[in-house]
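The next block holds one structure in the form of structure tokens; read it before the comments.
Starting from 1, each residue takes its place in the sequence as its number. A quick note: this is a predicted structure, and the numbers were derived from the prediction, not measured.
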Amino acid sequence: MDGQPVIIGAGIAGLAAALFLAPEPVVLVTRAPLGADGSSPLAQGGIAASVGLDDDDALHLADTLAAGDGLCDAEAARRILSAGPDAIAALERLGVRFDRDAAGGLLLGLEAAHSRRRIVHADGDGTGRELVRALSEAARACPSITLVEGEARRILMREGEVCGLLVVTAEGARVLATRRLVLATGGVGALYEHTTNPVASWGVGIALAAEAGAELADLEFVQFHPTALATPARPLPLISEAVRGEGALIVDGSGRRILEHVPGQELAPRDVVARAVWRELTAGREVFLDARASLGARFATRFPQVAAGCRAAGIDPATDLVPIRPAAHYHMGGIAVDAHGRSTVPGLWAAGECAATGLHGANRLASNSLLEAVVCGRDAANDIAGRAAGRAIVPAPSALPPAAADAAPARAIVSRLVGVSRDAEGLTAALQRLLPLAESATPAAAPARVGLMMAASALARTESRGAHARTDFPATAPIARRSRITLPAALAAARRVRVPDLAFA
């Protein structure tokens, strides 16, 4: 397989990149059988695209920039969002069945901070599942795509450039020689106790890229979805924002609307809603989603996936209040990339949630992520396809990294100290606690390095902006600046901090 592009991750971004590369041969590395793992199948809200008669790219861009709280890369956002209608058409050609009305028009939903109905759905609230189904079937049928089921452990480098990938499969360690590697590995939600992400989504792509020397961007910006179903299940079942788009209210146990006097109310930006819910919970009050009057008996028909999750917890959303809590849901930061998906390491691209394109800024606008995955997967494929393959000369790896990364030690620290609200004392304590893990030769090291880079980025941002809320710096700085960090810089920052140790409850 010398010279073939290699893609790590078989969610929407990875599948899109592989399919858009066809007919060029490509190797797709997937941790589990296609469609059986990852965050993509869990996506409920849909794909944001300006396809409505009352909508256009400029309106979609304005909403995205407003939600991003001054930190979006406007040119990147314009480029990605303008590709929305073409992305919907391309997905339909690949077999995605979007929801349409009796006249054949796309059914468009409304979500928070969108000024128009522009959310394209598939199978009601099963959009991610339908996209993964269709793209997985297309990938299986594509003769140019070779599937390798295994776990990516290390990017191999030669003279500062990518030359291969070390993968561990059921048959043992294997080296894939390549000078063109795409990371499409998802987010960091599994670094938090309460998350809507799968347990393996602890930032593996960020860890691989950082260890290869790549620059990371905006790692402090973690979006907490305000309406995860509050159950013991892990991951927490998501209650799509589209439920609030259909009129559901957020209330306390007495029925009081906690967002009644907030601009935008239930459809305010996610960071605003998440913090409002968090304040109620930390004050000892329960918070609920009330869809009884707005949806009632229609709930299960309109949102079958959400209804099934509620039923599994013994709740009927047609007649009951639904307990909710914020949960880590999406990472706006990631591997710094340019308009073609190229990282700062030659031969390394990134697409999807593990990449920081600048589209989302400080706070992702709902349903822009699936659009970004498709468009940026395509853009990376187009850039890779235009490059000569060359022959990868692979050095023998000195040692196999520890098996089966263990995120639990880092999760206990990140959940407590790098959550919805942050402050300098907590963030410096996080750096102190994560450093020995990050410097160890144990399965806890790679997740701890990701958490450490997030904490260092959060400590350096002495303001509150979007999803990054500092109780000791509640104001927003007059000038918005994106952050950049590398693994050596984060380790150096952690070694410098000296604060009293915090006692854990």
Side-chain angles (χ1 to χ4, degrees), residues 44-45 67 69 111-113 189 192-197 221-295 299 306 309-310 313-317 319-330 362-364 366 414-423 426 458 464-476 505:
Q44 295 176 356
D69 203 3
E111 291 185 347
Y192 291 88
E193 174 63 27
H194 298 104
T195 181
T196 63
N197 293 179
F221 293 105
V222 178
Q223 186 173 78
F224 293 86
H225 199 292
T227 57
L229 182 62
T231 74
R234 295 295 181 273
L236 291 180
L238 177 66
I239 302 177
S240 170
E241 201 154 62
V243 177
R244 283 176 281 140
E246 297 298 326
L249 305 176
I250 296 177
V251 301
D252 64 12
S254 69
R256 176 183 64 90
R257 289 180 64 187
I258 69 171
L259 292 158
E260 186 173 10
H261 302 296
V262 173
Q265 298 180 326
E266 274 73 14
L267 295 181
R270 281 184 177 174
D271 62 303
V272 173
V273 180
R275 283 194 290 273
V277 174
W278 180 252
R279 284 192 294 270
E280 295 293 314
L281 293 175
T282 55
R285 294 184 287 271
E286 289 185 292
V287 184
F288 302 89
L289 193 67
D290 185 358
R292 295 174 298 180
S294 58
L295 286 161
F299 196 108
V306 175
C310 289
I315 299 162
D316 181 357
T319 58
D320 299 333
L321 292 174
V322 180
I324 60 170
R325 65 165 301 128
H329 181 59
Y330 190 86
N363 189 35
R364 175 180 69 107
V414 174
S415 297
R416 168 91 177 200
L417 301 172
V418 198
V420 176
S421 296
R422 298 103 180 254
D423 60 30
S464 290
R465 185 182 295 274
H468 173 70
R470 289 281 297 262
T471 56
D472 50 349
F473 289 98
T476 300

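Among the candidates Arg275, Arg257, Arg325, Arg256, the single residue satisfying the salt bridge (charged side-chain N to carboxylate O under 4.0 Å, His left out) test with Glu280 is Arg256.
Within a 6.0 Å radius of CD in Gln265, other residues, nucleotides and ligands contribute more than 12 heavy atoms.
In this structure, Arg465 and Phe221 approach most closely via the heavy-atom pair O-CE2, 3.2 Å. When all heavy atoms are compared, the tightest approach of Leu229 to Gly309 is CD2-O, 3.6 Å. Nearest heavy-atom pair, Ala268 versus Val262, reported as atom, atom and distance to 0.1 Å: CB-CG1, 4.3 Å. Taking each heavy atom of Asn363 and Gly466 in turn, the nearest pair found is CB-CA, 4.1 Å. Smallest separation of non-hydrogen atoms from Phe224 and Gly419: CZ-C, 3.7 Å.
Here Thr195 contributes atom OG1 and Leu236 contributes atom CG; the two are 7.5 Å apart, rounded to the nearest 0.5 Å. Atoms CG and CG, from Leu289 and Leu249 in turn, are 8.0 Å apart once rounded to the nearest 0.5 Å. A distance of 11.0 Å separates CD1 in Ile324 from CG in Leu238, rounded to the nearest 0.5 Å. Rounding to the nearest 0.5 Å places CG of Asp472 at 11.5 Å from CZ of Arg422. Taking NE2 of His194 as the start and NE2 of His225 as the end, the distance is 16.0 Å to the nearest 0.5 Å. Between the CZ atom in Phe288 and the CD1 atom in Ile250 there is a gap of 12.5 Å [rounded to 0.5 Å].
For the pair Tyr192/Val414, a side-chain contact is recorded, criterion being any heavy-atom separation below 4.5 Å from C-beta on. No side-chain heavy atom of Pro317 sits less than 4.5 Å from a side-chain heavy atom of Val306. Using a 4.5 Å heavy-atom threshold, the side chains of Val243 and Thr227 count as separate. Here the side chains of Tyr330 and Thr196 are not in contact, with every heavy-atom distance at 4.5 Å or above. Between Pro326 and Leu281 the shortest side-chain heavy-atom distance falls below 4.5 Å. Residues Arg279 and Ser421 fail the side-chain proximity criterion, which asks for heavy atoms closer than 4.5 Å. You'll find the side chain of Glu241 stays beyond 4.5 Å of the side chain of Val273, heavy atoms only. Looking only at side-chain heavy atoms (C-beta outward), Val251 and Ile258 stay at 4.5 Å or farther from each other.
Checked by atom type and distance alone, the side chain of Ser464 never pairs as donor or acceptor with a backbone atom of Thr476 at under 3.5 Å. In this structure, the side chain of Asn197 engages the main chain of His329 through a donor-acceptor pair within 3.5 Å. Put simply, the side chain of Arg270 never gets that close to the backbone of Ala366: no donor and acceptor are under 3.5 Å apart. Glu266 places no side-chain N or O within donor-acceptor distance of the main-chain N or O of Gly247, the cut-off being under 3.5 Å. Checked by atom type and distance alone, the side chain of Arg234 pairs as donor or acceptor with a backbone atom of Pro232 at under 3.5 Å.
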Quick one: do Glu111 and Ser240 satisfy side-chain contact (heavy atoms from CB on, under 4.5 Å)? Show the steps, please. CA-CA 9 Å; Glu111 291 185 347; Ser240 170; 4.0 Å; yes

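Side-chain contact of Gln223 with Asp271: a donor-acceptor pair under 3.5 Å is absent, judged by distance alone.
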